[in-house]
Amino acid sequence: MLSSRTIIANKARRLATSTNNTSSSIRSLSILTSRSSPLASSSASSSFKHQHNHQYQQQRTLLGLVHAIDKRVYRWAKGVLPPISKTENIALGCGTIGFDRDIFSGSPSLQHLIDTYTPKLSPDEQSYLDNQVSTLCTLLNDHDVVTNKDFTKEAWDYMRDEKFFGMKIPKEWGGLGFSTHAVSCVLAKLATQCFDANATVAVPNSLGPGELLVRYGTPTQKEYFLPRLANGTLIPCFGLTGPHSGSDATSLIGSDCVVSRHSETGEIGVVASFKKRYITLAPVAGVVGLGLNLSDPEGLLGGNGEEGFTVALLERGHEGLRMGPRHIPLSAAFMNGTVEGEDVWIPMSSILGGQERCGFGWNMFVECLAEGRGVSLPAGSIGAARTVVAGVGAYSRVRKQFKVPIAEFGGIQEALAKAGSDGLITIAGGDVMNAIVDNHEAPMVISSVMKQNCTERGRRIVECGMDIAAGSAICRGDMNYMGNAYMSLPIAITVEGANIMTRSFQIIGQGLTRCHPHMSDLLKALQMPPSEEKQAVQTFVKQFHKIVGHGITNFFGSVSKGIGSTVSAKIRSKKAYKNGDDLLDFHEKQLLRLSNNFALTADLCFTLGGRLKFEELLMGRLADALGAIYLGYATLHHYHGRRGIEGLEALTEHAMLRLEREAQDALYAASENFPGPLGPLASTVMKMGCFPLGGLTRPYADPSDDLTKEVSRLLTTPSEIRSMFEEGIYSAPEGAMHQMTDLINALPICVEADKVATSLRREKREPTADETNLIAKADALRDALIQVDVFKHATAEEAQPGYVRPALVGTEERFASMDQTVFREAA
């Protein structure tokens with residue numbers, strides 16, 4: 001139908017051009033004939049006018065047919081489009097778009113990224129990181145925190161006194177007024193010592209509701225709450241998720257409130273019933289920001305405020321509010337629990353922003369969500385990456401088996417190189433995301449990519465570390481610096497939108513409608529009322545043509561760049577990455593090709609119409625591709641900013657090769673499984689565009705073994721790359737027992753001792769006194785650092801006098817009935 005419509009439109013345009021030319025001929029001929037015979041003039045004019053009128057009628061008929069087809073196509077599209085709720089409409093209009101739109105357009109620019117975003121710390125922020133954050137880490141014993149399921153009062157008081165809960169609150173309200181990048185660095189450093197401290201400090205500095213108050217609070221609310229939040233008098237939490245909402249927290253099922261008048265005072269307020277769970281800090285919070293679904297059946301709002309998602313501020317002790325019971329997420333100790341109430345009276349003065357902000361909660365929530373999803377949660381993965389690379393990298397050189405450091409084993413090298421490149425990717429993505437938010441942007445799609453991709457990479461990083469450290473990683477105690485992180489990262493994967501939902505629905509569902517250069521206007525046209533249909537049809541047709549043109553441009557761009565990228569990848573030397581300029585140039589071209597491929601695929605998704613919402617396997621693969629492309633650009637951005645660090649080229653090359661392979665595989669899987677009635681056609685077009693020469697134009701492969709070994713060597717020996725990962729790690733004071741610090745300090749001694757031992761074997765000589773002392777010192781460190789914690793009793797019950805383990809009691813009971821209770825060797 002579309003091709004027929006296009007043919008008719010083209011014919012109409014040609015006819016219109018012909019008609020215009022005919023009109024010009026008539027006017028010219030009329031001038032000429034008027035100068036000759038009047039009879040000839042009259043006859044010729046009549047003939048041409050008849051011909052002109054005939055063609056004009058044809059033109060009108062064909063153009064009318066085109067308009068009729070336009071209207072039919074518009075109405076068909078409007079009919080197949082799933083209804084877009086008010087909440088979805090608000091979500092589509094919230095936040096900002098930027099680099100994510102560039103990727104959907106198929107034309108992102110690394111230089112633009114470099115010129116626009118530069119993460120940096122102020123002197124005050126760096127001082128805070130070096131001093132207050134290090135002091136807090138000293139007060140935290142991770143094993144004790146997890147065992148006791150709480151911090152000491154000393155630690156709580158220090159966090160309050162040093163304004164850890166008010167880092168984002170402006171200085172004029174008593175806060176620290178820190179940048180997003182500073183908050184991320186603080187959270188990452190806390191994660192290297194205690195993941196529960198990371199979670200505890202993260203919530204007040206993302207969905208506090210401190211930041212919501214700064215942006216939307218009334219003057220009275222700001223004056224009361226912000227100073228108390230800044231100095232820690234009030235610990236905040238945000239109550240959104242309920243039993244029936246889960247990752248779809250904004251559905252607010254079971255969190256209803258009705259606008260009412262107070263029975264005694266006549267004051268307008270709301271009566272709310274709610275049942276929230278999974279609320280971090282709720283058991284100790286002094287104030288909760290409560291997400292409610294407001295209705296106004298009696299019209300009491302009077303046009304001042306609307307129905308819908310509304311946020312209320314309730315202090316602990318508010319009549320009818322219940323906070324205190326705890327959840328225990330896996331082995332974690334951070335406070336997490338329920339917020340409940342039935343028929344709770346809430347005055348309008350307790351609605352965040354006042355009555356006029358009723359129904360405005362979704363806007364508040366979405367615009368602030370970017371920081372929680374895109375910054376706070378990835379910061380935990382950044383901390384895990386630094387911990388594994390620095391700690392496990394050192395451990396693999398300290399630990400020996402078969403008289404050889406396990407760092408020399410191929411399996412260890414593979415796992416450590418993966419952890420290192422995933423760590424670099426996570427750090428790089430975090431740096432760019434932090435700078436984007438500090439640039440006063442709220443990118444909803446990139447924040448979702450960061451949340452899903454970085455928490456998943458964080459989990460993989462820690463799994464690699466656990467595999468390498470083996471027994472020392474599974475025995476809990478003061479010497480275990482990874483076990484609690486291993487058990488905490490699955491929590492990060494589930495909160496603020498479970499990763500499965502984020503990957504298979506949210507990233508592409510929101511990305512296509514929000515970031516595609518033409519989709520937003522097309523959707524608006526399809527939602528216009530019938531009274532504006534004429535304008536809607538015109539807008540729809542205009543945007544539809546743009547989408548087709550966009551797809552054609554990306555198709556040919558994909559073909560040309562695909563062939564060019566394949567050739568450059570095939571002829572490229574495996575050592576070419578050592579030249580930094582070549583490294584940047586080559587990988588930027590590969591990312592541009594993949595961006596063209598992704599943009600073409602996004603255009604082809606329109607063949608699915610409303611079905612796209614239900615094709616989650618396809619959307620998951622495209623989310624993988626988008627994530628790999630964004631993080632690829634972030635990794636090159638990081639290299640440009642940190643260029644000069646010895647070994648960074650090798651690690652960046654390893655990361656980029658893996659990201660390009662991820663994007664390629666995701667796009668290929670999408671082309672093999674493109675769904676829908678037009679799926680075979682879309683699949684063919686996608687393959688022709690993305691992989692024009694078949695397998696030959698899928699050139700991206702995993703890093704070579706030589707590169708993997710080189711990256712592993714850099715991470716297991718003293719190097720500038722190791723120093724880069726150690727930058728954000730807590731280091732204990734000299735003399736304090738701290739496994740991570742001791743491993744890092746032992747590494748150069750053990751490496752030097754190994755060099756001496758190798759030299760002695762090669763030269764077949766005895767060691768000097770200094771060499772003997774060095775080897776002995778290294779052996780002593782190795783023996784101490786491979787030990788694990790041992791406990792006389794694992795529970796308080798076991799510590800009671802006279803306690804005997806139940807299994808041993810049973811053994812004694814069975815022996816009691818036997819004549820022989822001890823084995824004696826027969827004479």
Side-chain angles (χ1 to χ4, degrees), residues 165 203-204 207-210 212-213 216-229 231-245 249 252-298 300-301 304-305 307-327 335-361 364-365:
F165 303 141
V203 168
L207 284 174
L212 295 175
L213 275 162
Y216 305 110
T218 66
T220 303
Q221 290 170 346
K222 291 179 180 180
E223 289 171 7
Y224 178 81
F225 284 108
L226 289 177
R228 290 167 174 79
L229 290 170
N231 65 24
T233 299
L234 290 175
I235 295 173
C237 69
F238 196 89
L240 189 64
T241 310
H244 299 287
S245 51
L252 295 173
I253 298 172
S255 299
D256 298 312
C257 65
V258 180
V259 181
S260 306
R261 288 191 182 276
H262 196 280
S263 59
E264 297 177 2
T265 65
E267 173 191 6
I268 293 179
V270 300
V271 176
S273 295
F274 44 88
K275 190 173 185 179
K276 306 291 187 179
R277 67 181 182 187
Y278 311 139
I279 310 305
T280 299
L281 297 185
V284 296
V287 60
V288 55
L290 200 61
L292 300 168
N293 185 26
L294 182 143
S295 60
D296 183 23
E298 298 180 20
L300 297 177
L301 291 176
N304 186 18
E307 294 183 322
F309 185 2
T310 300
V311 179
L313 293 171
L314 302 185
E315 291 184 84
R316 179 178 288 271
H318 187 99
E319 186 176 355
L321 174 66
R322 299 193 302 275
M323 294 195 299
R326 291 182 68 175
H327 302 300
M335 293 291 167
N336 188 275
T338 60
V339 178
E340 298 180 349
E342 291 87 32
D343 297 327
V344 178
W345 169 258
I346 302 173
M348 281 297 170
S349 59
S350 293
I351 299 298
L352 181 56
Q355 181 177 331
E356 66 183 59
R357 292 293 185 178
C358 285
F360 198 73
M364 300 179 187
F365 178 74

request  = Take Leu313 and Leu212 through the side chain to side chain contact (heavy atoms under 4.5 Å, CB included) test and state the conclusion after the steps.
outcome  = CA-CA 11 Å; Leu313 293 171; Leu212 295 175; over 6 Å; no
What are the two closest non-hydrogen atoms of [X] and [Y], and how far apart are they?
| X | Y | answer |
| --- | --- | --- |
| Pro209 | Pro236 | CD-CB, 3.5 Å |
| Ala285 | Met323 | O-CE, 3.6 Å |
| Lys276 | Ser255 | NZ-OG, 2.8 Å |
| Leu240 | Phe309 | CD1-CZ, 3.5 Å |
| Phe274 | Val339 | CD1-O, 3.8 Å |

inquiry  = Under the rule for side-chain hydrogen bond (donor to acceptor under 3.5 Å, both in side chains), what residues qualify as partners of Thr233, not counting sequence neighbours?
reply    =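 If we apply the side-chain hydrogen bond (donor to acceptor under 3.5 Å, both in side chains) test to Thr233, skipping adjacent residues, the hits are Asn231.
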task = Please list, chain by chain and in numerical order, all residues satisfying side-chain hydrogen bond (donor to acceptor under 3.5 Å, both in side chains) with Thr280, sequence neighbours excluded.
result =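 Per chain and number, Thr280 pairs via side-chain hydrogen bond (donor to acceptor under 3.5 Å, both in side chains) with Asn336.
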Show me, pair by pair, the donor-acceptor contacts under 3.5 angstrom made by side chains of residues 258-269, not counting sequence neighbours?
residue : atom : partner : partner atom : Å
Ser260  : OG   : Val258  : O            : 3.3
Arg261  : NH1  : Gly266  : O            : 3.1
His262  : ND1  : Glu264  : N            : 3.0
His262  : ND1  : Thr265  : N            : 3.4
Thr265  : OG1  : Glu267  : N            : 3.2

ask   = Judged by atom type as modelled, is there a donor-acceptor pair below 3.5 Å linking the side chain of Arg316 to the main-chain atoms of Ala282?
value =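 Checking the backbone N and O of Ala282 against the side chain of Arg316, a donor-acceptor pair under 3.5 Å is found.
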ask   = When you measure from the side chain of Ser273 to the backbone N and O of Asp256, does any donor-acceptor pair fall under 3.5 Å?
value =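 No, Ser273 side chain to Asp256 backbone: no donor-acceptor pair under 3.5 Å.
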key: Of all pairs that satisfy side chain to side chain donor-acceptor pair (under 3.5 Å), the ones with a partner from residues 318-327, not counting sequence neighbours   =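 Counting only pairs at least two positions apart or across chains, the side chain to side chain donor-acceptor pair (under 3.5 Å) contacts touching residues 318-327 are Arg322-Glu340, Arg322-Glu342.
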By salt bridge (Lys or Arg N to Asp or Glu O under 4.0 Å) - contacts of Glu223 (at least two apart) =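 So Glu223 forms no salt bridge (Lys or Arg N to Asp or Glu O under 4.0 Å) with any residue.
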Return a table of donor-acceptor pairs under 3.5 angstrom between the side chains of residues 346-357 and protein atoms on other chains or two or more places apart.
residue : atom : partner : partner atom : Å
Gln355  : NE2  : Leu301  : O            : 3.2
Gln355  : NE2  : Asn304  : O            : 3.1

